[in-house]
Structure formats: C-alpha cells, structure tokens
> 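Following this message is one structure expressed as structure tokens.
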Amino acid sequence: MFDWENLRHFLAVARAGTLSGAARALQVDHATVSRRLSAFEGELQVSLVERMPRACQLTPMGQQVFEQAQAMEEGAYAIERRTQASRNPLNGKVTLSAPPILATHLLAGKLADFRAAYPGIQLSISAQANQVSLSHREADVALRLVRPKEASSVVRKVGHMPFALYASRHYAPLRRPQDWTFIAYDAQFADMPQQHWLLDIAGHRPVGCELSDISGHLAAARAGAGVAGLPCFLADADPALVRLKHEGESFSRDIWLVVHRDLRRAAPMRAVMDFLIEVVASQKALALDKKT
C-alpha cells in the first residue's frame, strides 16, 4: 500500500492546481508538497502531474487516480465522522466555522457561558467568510449567511440578521440625507447582498470610503467617515451610533446552521448546535426590540 499522506498531498495539488496553493491548503512548505508528490508517483510508478512553470496539470492517469482518490478520502472521513458520533459523552473538541461578523461580534462574547455549561467541550471557532467542506472535516458545524448546498449536510435556518443604516451621532450632515456619503465594501466583495442593498439606497450619492470587513465599517462610521450599512444587533448596542431612516426596502441576511448528517446526533455536536440556536435567537429578539 502507498502512504496515505502522499495521497493527501496529491489531492491538494490536484485541487489547487499549483504546488504553492497545495502548500497553503495543507499548511506545509512548498518542498514538502513536491517531495510527497514525487514519492506518490514513485510508489505507483506512474506520472500523475505535469509540472509547468506556474501550474500543475494532471496527466490522463493522474485524472483517473484523482477521481478514485476522492472516493477513498470521503470513505476515510466517513469512518472518522461515524466513530466520533458514537462517542456520546459531552467532551472533546468541536470545530465551528462562522462568518467573521458572527464569530467576532456574536459568539466570542458567549464563550464563557458555553464553557460554564459544557466544561468538557473545547469549542474552536474559525472566522471564515468562505464556505467550508464538512465532508472533508474542515469544520464539524458551521453557521452560514448563504444556504449550504452539500448534499451530505443537514441544514436549518435558525434566524436572520437585520441590517440598517447608521452614522456617528456627530456626523456633520446627519440631518441632511442629500449630503450623505457612504461606507461600502471594496471590489473583492462587490457581489455581497448588503453591498447591493447599500448602493441601491445611496443612488447617486457618493461612496466616501471602502473597507473589506464589517469591523472596519463599524470603526469608520463611529469616526464620522460616513453612513454604513450594519447589522442591527451590532450597531444598536453602540452608543456612538444612531440608526438612520431611509427610503427603500429593509434588508436582512438569513442565518443557516449546518452539520454533516453523520454527526448530527453526536452529543457534543448537539450541545454546540443548541447553544448556537439559543445565541442567535436571543440576538434576533434584541434587534427586533430595538427596531420596535
């Protein structure tokens, strides 16, 4: 049998298309990926990857091996998930993936409560804007603002995150909407739904600055840089900000909870999911109370 670690490195190269991309995904150095790939080809005695100056291309045999290797990898992950799900005690490590806005401003402040309720569970929260693969054990549980599409996952909508316009109480044109300037996302996040909503409201009024994350929008709005579209649970709690009335539709993002179907009944996963549902529900109620 070949070395499983060599196969894992080959899979990373096949998916990334470059040795450097595979190295980043595996959190190893470029030389390790190259060595593992060569070792795998040596074990199979076949060329799998054509190494070009800026990319790696699978050979015809490499493509066949890649397809088979993905099935083997999924089988290995399934064994791991099912053995983990069979362990019922409330202990162990659970990895949660969540968008940065939820990880930083919603969940981090509740970790002490979770720890008090479940001292045997180590909750590891990864703030990630991108989708992760639960099948590949990149996370055990995830919160998402877009409905996940993995067929092997169980998905539940647990709430929504309302947005509104906010500015500093000392923003000079606060009472002159025609003179507002707006705080928007930079080009890499131009397709985000809250960006479209904000720009529709802005109309012909200018964008004064662009930042890549909500925390930056919050800080810029507090400093008087302009009008920002912010989650209500975050901005309503900030005494330096005031919610602004505006023409146009209201806006919110759905919050989705997702877990792999093999893990959904494992006691530690249930504890984490129940905790997330409770936290989201309490913050949603708070936002609605503020609005009314």
Side-chain angles (χ1 to χ4, degrees), residues 1-85 87 92-100 103-104 107-108 121-144 148-150 152-153 188-189 212-213 258-260 262-263 268-269 272:
M1 282 290 293
F2 51 77
D3 188 327
W4 170 256
E5 280 299 302
N6 293 341
L7 182 144
R8 194 166 70 92
H9 283 69
F10 163 70
L11 281 170
V13 172
R15 288 171 177 144
T18 64
L19 295 179
S20 58
R24 286 192 297 272
L26 295 172
Q27 298 183 334
V28 298
D29 57 59
H30 179 283
T32 297
V33 175
S34 180
R35 175 174 57 81
R36 287 284 189 177
L37 178 58
S38 296
F40 190 50
E41 290 179 316
E43 289 170 332
L44 298 182
Q45 298 184 4
V46 67
S47 175
L48 301 173
V49 175
E50 183 181 352
R51 305 189 193 194
M52 296 178 287
R54 295 187 178 181
C56 292
Q57 183 174 337
L58 294 179
T59 65
M61 179 55 68
Q63 183 61 42
Q64 294 181 44
V65 172
F66 176 52
E67 293 170 2
Q68 288 293 115
Q70 290 184 102
M72 293 176 62
E73 180 188 47
E74 178 55 37
Y77 283 132
I79 292 171
E80 186 178 7
R81 286 192 303 270
R82 288 170 185 175
T83 55
Q84 182 180 358
R87 297 192 290 268
K93 181 177 180 178
V94 177
T95 301
L96 166 66
S97 172
T104 302
L107 301 177
I121 300 177
Q122 179 189 356
L123 182 56
S124 176
I125 300 178
S126 178
Q128 297 170 300
N130 58 304
Q131 299 278 348
V132 299
S133 173
L134 301 187
S135 295
H136 292 165
R137 293 304 306 278
E138 294 174 355
D140 298 314
V141 183
L143 283 178
R144 285 287 164 255
K149 297 181 179 179
E150 276 190 308
S152 58
S153 296
Q188 63 179 317
F189 295 107
S212 62
D213 66 281
V258 55
V259 64
H260 196 282
D262 290 345
L263 296 177
M269 305 302 162
V272 171

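Everything numeric in this text was worked out from a predicted model, so none of it was measured.
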> Output, in order, the C-alpha distance, side-chain angles, deciding distance and verdict of side-chain contact (heavy atoms from CB on, under 4.5 Å) for Val49 and Leu58.
CA-CA 4 Å; Val49 175; Leu58 294 179; 3.9 Å; yes

> Distance alone, cut at 3.5 Å: any donor-acceptor contact between the side chains of Gln63 and Glu67?
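A donor-acceptor contact under 3.5 Å links the two side chains.
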
> With a 4.5 Å heavy-atom cut-off, do Leu96 and Asp140 have their side chains touching?
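The answer is no; the side chains never approach within 4.5 Å.
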
> I'd like to know if Arg36 pairs up with Asp3 as an ion pair, taking the criterion as any Lys NZ or Arg NE/NH1/NH2 lying under 4.0 Å from an Asp or Glu carboxylate oxygen.
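Salt bridge present between Arg36 and Asp3.
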
> Is the shortest heavy-atom distance from the side chain of Met61 to the side chain of Leu44 under 4.5 Å?
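With C-beta onward as the side chain, the pair stays apart.
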
> Once you round to the nearest 0.5 Å, how far does OG1 of Thr59 lie from CD of Gln64?
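So the gap between those two atoms works out to 8.5 Å.
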
> Rounded to the nearest 0.5 Å, how far apart are OG1 of Thr95 and CG of Leu134?
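Here the rounded value is 10.5 Å.
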
> Could you walk me through whether Gln122 and Val94 pass side-chain contact (heavy atoms from CB on, under 4.5 Å), step by step?
CA-CA 6 Å; Gln122 179 189 356; Val94 177; over 6 Å; no

> For His260, does its backbone N or O pair with a side-chain atom of Ser152 as donor and acceptor, under 3.5 Å?
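No: the side chain of Ser152 does not pair with the backbone of His260.
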
> What closest approach, in Å, do Ser124 and Lys93 show between heavy atoms, and which atom pair accounts for it?
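That closest heavy-atom pairing would be CB-CE, 3.6 Å.
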
> Can you check side-chain contact (heavy atoms from CB on, under 4.5 Å) on Val65 and Phe40, steps first, answer last?
CA-CA 11 Å; Val65 172; Phe40 190 50; 4.2 Å; yes

> Nearest 0.5 Å, please: how far is CG in Leu19 from CG in Leu37?
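With rounding to 0.5 Å, CG (Leu37) is 6.5 Å from CG (Leu19).
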
> Tell me, with the steps shown, if Leu107 and Leu143 meet side-chain contact (heavy atoms from CB on, under 4.5 Å).
CA-CA 11 Å; Leu107 301 177; Leu143 283 178; 4.1 Å; yes

> Just verifying a value: how many Å separate Arg24 CZ and Asp29 CG, rounded to the nearest 0.5 Å?
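Separation between the atoms: 13.0 Å.
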
> Is a side-chain donor-acceptor pair under 3.5 Å present for Gln128 with Ser97?
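A pair is found: one side chain offers a donor N or O, the other an acceptor, under 3.5 Å apart.
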
> Could you measure the distance from the OG1 atom of Thr18 to the CE atom of Met52? Nearest 0.5 Å is fine.
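If we round to the nearest 0.5 Å, Thr18:OG1 and Met52:CE are 11.0 Å apart.
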
> Looking at side-chain heavy atoms only, is the closest gap between Met269 and Val141 below 4.5 Å?
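Yes, their side chains come closer than 4.5 Å.
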
> What I want to check is whether the side chains of Ser38 and Arg51 have a donor and an acceptor closer together than 3.5 Å.
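Arg51 and Ser38 do have a side-chain donor-acceptor pair below 3.5 Å.
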
> Using 30° and 60° as the class limits, which term best fits the ring planes of Phe66 and Phe10: parallel, tilted or perpendicular?
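Ring orientation, 0 to 90° scale: perpendicular.
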
> Supply the atom-to-atom distance Cys56 SG to Arg15 CZ, rounded to the nearest 0.5 angstrom.
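Those atoms lie 15.0 Å apart.
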
